[in-house]
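Working notes, structure below.
Here is the naming used below: chain letters follow the sequence lines, and residue numbers restart at 1 for every chain. Side chains included, hydrogens not; waters and symmetry mates left out as well; all remaining heavy atoms used.
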Amino acid sequence: MQFLFSNGHAITNFPVRLIYTIQEHPDTPEGILNVGVGAPSRTFRKAVARNRVKRLLREGYRLEKPAFEKLVQIKNKQVAVFFLYTDLNVLTQKEIQAKIQLLLAKLAVKINAINLSNEVTT
RNA sequence: CUACAAUCCCGAACUAUCGUGGCAAGUAAUUGCCAAGGAAAGUCUGGACAGCAUAGAGUAACCUACCGGUGAAUAGCCGGCGUCUCGCAAGAGGCAGAGAAAGUGCCACAGAAAAUUACUACCUCGCAAGAGGAAAAGGUGAAAACGUGAGGUAAGAGCUCACGGAUAAGUUGAGUAAUCAAUUUAUAGGGUAAACCUUGGGUGCUGUAAUGCCACGUAAAGGAACGCUUGAGAGCUACUCGCUCGAGUUCCAGGGUAGGCAGCAAGACUUCAGCAGUAAUGUUGAAGCUAGAUAAAUGAUAGUUUAGAAACAGAAUCCGGCUUACGAGGUUUGUAGUUAC
RNA sequence: CGGGAAGUAGCGCAGGCCGGUAGCGCACUUGGUUUGGGACCAAGGGGUCGCAGGUUCGAAUCCUGUCUUCCCGA
């Protein structure tokens, strides 16, 4: 967690903010994908609202998961991703899903780019 | 009928697809079962449970305050007594409901005076100034030394008497008791104890990140101060005395770890029915097993039912109570308005 | 899970222990000063003390409950 937040890069599609790190797969039995979701207690004071936002983010990721997971597997990377919700107004499930889809597409582009540059240097 | 306030009930169900946490079975794939609330909230309280302490004395601090019952316990609940407010009444609601006759303090402004009072007025003496008596009348104030009438007196006064009211103590009767009724005696002291305080009763301290066990790792090194029987420091948990232990203690800079298991889910348990009790509640029988995570689990989509599905809101050791928040519909009660008879 | 503090004028704070008159600074309004503005001088307006209930003759102050905000320990 600490490594992710201090060294990770961020992409924002308001109000969803995605923080990520990409590393070579270390050949450990740990998973290749580590995912978390968060809603700050400073914006959402009530526990019910925090849970609601986290569930929506989780659901949105779940629906977009299969394609993204396949890509990471092919490229043989270890990716850590954290979704943060930064606005007070809660959007509907469909809007959040669309935003997450866009974010993951951007991230996929970055993963491909890293792979290419690595191939060039080697 | 409408609006508002209070009161109690309820806090959606089902199907399909995908997904989350736990438990059980299985080598595994997988399958089956269970999965937030009436307040889970606030943390205002009472306990359970756990650890530490448990020679003693004194002081302080805190809590509590009509009676009986209930219950593990309580500042809860039920019933009663007293008292206050509202009301014509019936009745409804509130009460921190011991002591002001142990002591100290305070009572703005007004008023002569705010507690052993005397301005005007009254009476006696005196030409007057003044001295003495008395506390009825006036006015001020939230509050001015029991109220009415008669006697009495220089004028007056519970000074005396009659009736009535208040407080305290005693006796008799009713009641488990608080208390009530009757009666006798005494008293005349204004309020404030949610001012200090006094009296009766009670209270060890800390909290599940408690606590126990397992695993892993470092620095058992360095610097400073005090001390080693001429006693540093520690314990008896706020303090003092006293008692006991006692050779290390405290600080600085720096280093290491931040994992797991138990605690932790069958209980003052839930539902239904009977019985006892005015009630709170108790008891008997039957049936049931009903969350257990550790960044922290219940969601998404589509459809059906329904008059409607919208509010407040998410367990973290567990129970009892209190308080606060809350949609729609319904129950009961009150207030206001309108319409009809 | 446990402990504590605050709420008073548009803003920042006193007053609270020991009850009776709510005040200070900045800001605001008016007037003066200046050619004009700022600064300065003088005068003035504005709050019923977070909310509800109680004690008292009387409550910002005392007591109880409640709401909101903030801080601390592990």
For [N] and [M], measure between their [atom1] atoms and round to the nearest Å.
| N | M | atom1 | result |
| --- | --- | --- | --- |
| B:G320 | B:G26 | C1' | 45 Å |
| B:A100 | B:U199 | C1' | 14 Å |
| B:U283 | B:A311 | P | 43 Å |
| C:C67 | C:U48 | P | 25 Å |
| C:U34 | C:G16 | C1' | 47 Å |

Given that both distances must come in under 3.5 Å, which nucleotide forms a Watson-Crick or G-U wobble pair with [N]?
| N | answer |
| --- | --- |
| B:U283 | B:G274 |
| C:G65 | C:C51 |
| B:A181 | B:U172 |
| B:A150 | B:U160 |
| B:C4 | B:G334 |
| B:A16 | B:U301 |
| C:U29 | C:A43 |
| B:G248 | B:C226 |

Can you find a heavy atom in the side chain of A:Leu107 that is under 4.5 Å from one in the side chain of A:Phe68?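 Yes, at least one pair of side-chain atoms sits under 4.5 Å.
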
Is the closest side-chain heavy-atom distance between A:Val37 and A:Phe82 below 4.5 Å?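 Of all side-chain heavy-atom pairs linking A:Phe82 with A:Val37, none is under 4.5 Å.
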
When you measure from every atom of RNA chain B, which of residues 57-65 of chain A have a heavy atom less than 4.0 Å away?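 Here the set is A:Arg58, A:Glu59, A:Arg62.
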
Between atom [atom1] in [X] and atom [atom2] in [N], what is the gap in whole Å?
| X | N | atom1 | atom2 | result |
| --- | --- | --- | --- | --- |
| A:Leu56 | B:G314 | CG | P | 17 Å |
| A:Ile96 | B:G299 | CD1 | C1' | 12 Å |
| A:Lys54 | B:A295 | NZ | P | 11 Å |
| A:Glu95 | B:A300 | CD | C1' | 15 Å |
| A:Arg52 | B:A311 | CZ | P | 11 Å |
| A:Asn51 | B:A296 | CG | C1' | 9 Å |

A:Gln101: partners by side chain to side chain donor-acceptor pair (under 3.5 Å), with sequence neighbours left out: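 Here no residue qualifies.
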
Between B:A313, B:U298, B:A297, which nucleotide gets closest to the side-chain atoms of A:Arg55?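 Among B:A313, B:U298, B:A297, the one nearest the side chain of A:Arg55 is B:U298.
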
Tell me the closest heavy-atom pair linking A:Arg17 and A:Ala10, and the distance in Å.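 That would be NH2-CB, 3.7 Å.
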
Please report the shortest heavy-atom distance between A:Tyr61 and A:Ile100, naming the atom on each side.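 A:Tyr61 and A:Ile100 have their closest heavy atoms at N-CD1, 4.0 Å.
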
